[in-house]
There are 2 protein chains.
Amino acid sequence: METKEEKKAQGDKREKILQGALEAFAKKGFYNTKVSEIADEAGVADGTIYLYFKNKDDLLISLFEDRMEWIIDRIEAELEQVEGGTIEKVRRYMELHFQLAVENPALAEFITVELRQSAKFIKEYDNPKFGDYLGILKRLIEEGQQDGTFREDLDSRLVSRAVFGALDEVLLQLTLSAEKPSDVSLEATQVSALLIDGLRARE
Amino acid sequence: METKEEKKAQGDKREKILQGALEAFAKKGFYNTKVSEIADEAGVADGTIYLYFKNKDDLLISLFEDRMEWIIDRIEAELEQVEGGTIEKVRRYMELHFQLAVENPALAEFITVELRQSAKFIKEYDNPKFGDYLGILKRLIEEGQQDGTFREDLDSRLVSRAVFGALDEVLLQLTLSAEKPSDVSLEATQVSALLIDGLRARE
DNA sequence: ATCCATTGAATGAATCGTCGTTCAGTAATT
DNA sequence: AATTACTGAACGACGATTCATTCAATGGAT
């Protein structure tokens, strides 16, 4: 009982800080967010943050790791449910990308806006989890190329980048302008129509 | 004689500061760049920067405006030279997007990495020049929809976003990993093949 | 032509507010 | 009582901005 409560308390506090950081970063960006604001948002003292994270950079990186892992797990779980060919899987991947963003607006804002900065400027951090996320898409595309549904003249690594970029930019626009989730499925449908038709093999 | 020399000296200094800022921002990012570093890079004193720009934010915004305007002018001039239909124009647009990036690596790095941040966190700045840049692509797509080369079921604003996102993400990857310009044309070709085939009208 | 007065662009050291981080003290738990 | 978790005020470094000072260029006066 002790250990469980202890672990839960620990986990609770760490998670509260991560969540507070997420809200704060989404609202004001990493560099404009004070550690004290994160503490406020999380309902802990400033110093407590340093019991769980080495420094502000480490908090940012941990937040990436943690949330990306969660995203990857969810996407992979959902993709296993898909019955149908590669096209259906890719379509579902795109749908999920949008859907997760709509369900977690702060997370979407955080990732779309901060990913590039941090990738480049947080020293010696090369963001392996983001690579994993792209890897899912890359594998789907290769699968499609092997079974003949997708054209084979395009490099899967390059294309997965391009597809991610398209999804991400559209999402950025949606999250920045306070749009309703209602019509997001329309956006998702159009973007996936464009990209999947571009990927299709022709006779 | 006086006025010409005066104006040139003025212009020179302002431009030197902008260029210094560009190099510095590309190298370390906006928030990690000290004003004194920009001054060093530009070969002027710290205080001189404040004779030409209100503050650091203003310098960032001015840099965007100035360089985006230059890009837009160049793209529009080049597009006028294109003989051929809408597809050729769109292909050329994408080619130019990559080509300009290869010719101006610091500028490419600056725009791909800083555009999102600044769009969101520099107060009350909505980046009209970036809208203009996207507008060129949007108009091309509408043109293609009207003359029947492009499918009409996709919203041109959305699609132009998606296409920009795809180009931008691929470019980001290229600029971050120190690649040779030699094979960039290959990347450009593949991305435009993907996107243009996605845009094409089918019988 | 020479000298002096005036200008204002440019400088860069000093200022001052702003955080990230620490740590001595307090509370909670066992 | 001892150990551990937490707190938040204080510290110190940092860096954007300011402003008193310099000095090269200009032009009017002799």
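- A salt bridge links B/D197 with B/R200: the distance from a Lys NZ or Arg NE/NH1/NH2 to an Asp or Glu carboxylate oxygen falls below 4.0 Å.
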Within the sub-3.5 Å range, which N or O atoms of nucleotides 13-17 of chain C have a protein N or O partner, and how far apart are they?
none

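- Put simply, CD1 on B/I17 is 9 Å from P on C/dT11, counting in whole angstrom units.
- Between A/D12 atom CG and D/dC6 atom C1' the separation is 15 Å, expressed in whole Å.
- Taking the salt bridge (Lys or Arg N to Asp or Glu O under 4.0 Å) definition, one finds that B/E41 meets it with B/K27, sequence neighbours left out.
- In this structure, A/L51 atom CG and C/dT22 atom P are separated by 11 Å, rounded to whole Å.
- Here the rule is ring-ring contact (aromatic ring centres under 6.0 Å, His included) with B/Y133, and of B/F64, B/W70, B/Y93 only B/Y93 fits it.
- Near DNA chain C, meaning a heavy atom under 4.0 Å from it, residues 20-36 of chain B has no residue at all.
- A/R116 is linked by a salt bridge (Lys or Arg N to Asp or Glu O under 4.0 Å) to B/D168, B/E169, counting only residues two or more places apart in sequence or in another chain.
- Spacing between atom NZ of B/K56 and atom P of C/dT18 amounts to 16 Å, rounded to whole angstrom units.
- With salt bridges taken as basic N to acidic carboxylate O contacts below 4.0 Å, none links A/R92 and A/E76.
- Summarising the geometry, the separation between NZ on B/K54 and C1' on D/dT17 is reported as 13 Å, rounded to the nearest angstrom.
- In terms of modelled atom types and a separation under 3.5 Å, the side chain of A/K28 and the main chain of A/K34 share no donor-acceptor contact.
- Side-chain contact check for A/L79 versus A/L140: some heavy-atom pair is nearer than 4.5 Å.
- Residue pairs satisfying the salt bridge (charged side-chain N to carboxylate O under 4.0 Å, His left out) criterion with at least one member in residues 82-91 of chain B, sequence neighbours excluded, are listed as follows: B/E88-B/R91, B/K89-B/E143.
- Per the geometry, NZ belonging to B/K13 stands 17 Å off P belonging to C/dG8, to the nearest Å.
- Taking atom CD1 on A/I49 and atom P on C/dC23, their separation rounds to 18 Å, with Å as the unit.
- Partners of B/E23 according to the salt bridge (Lys or Arg N to Asp or Glu O under 4.0 Å) rule, which considers only residues two or more places apart in sequence or in another chain, do not exist here.
- The side chain of A/T48 places no N or O atom within less than 4.0 Å of a non-bridging phosphate oxygen (OP1 or OP2) of D/dC6.
- The separation between A/Y50 atom OH and C/dA24 atom P is 18 Å, rounded to whole Å.
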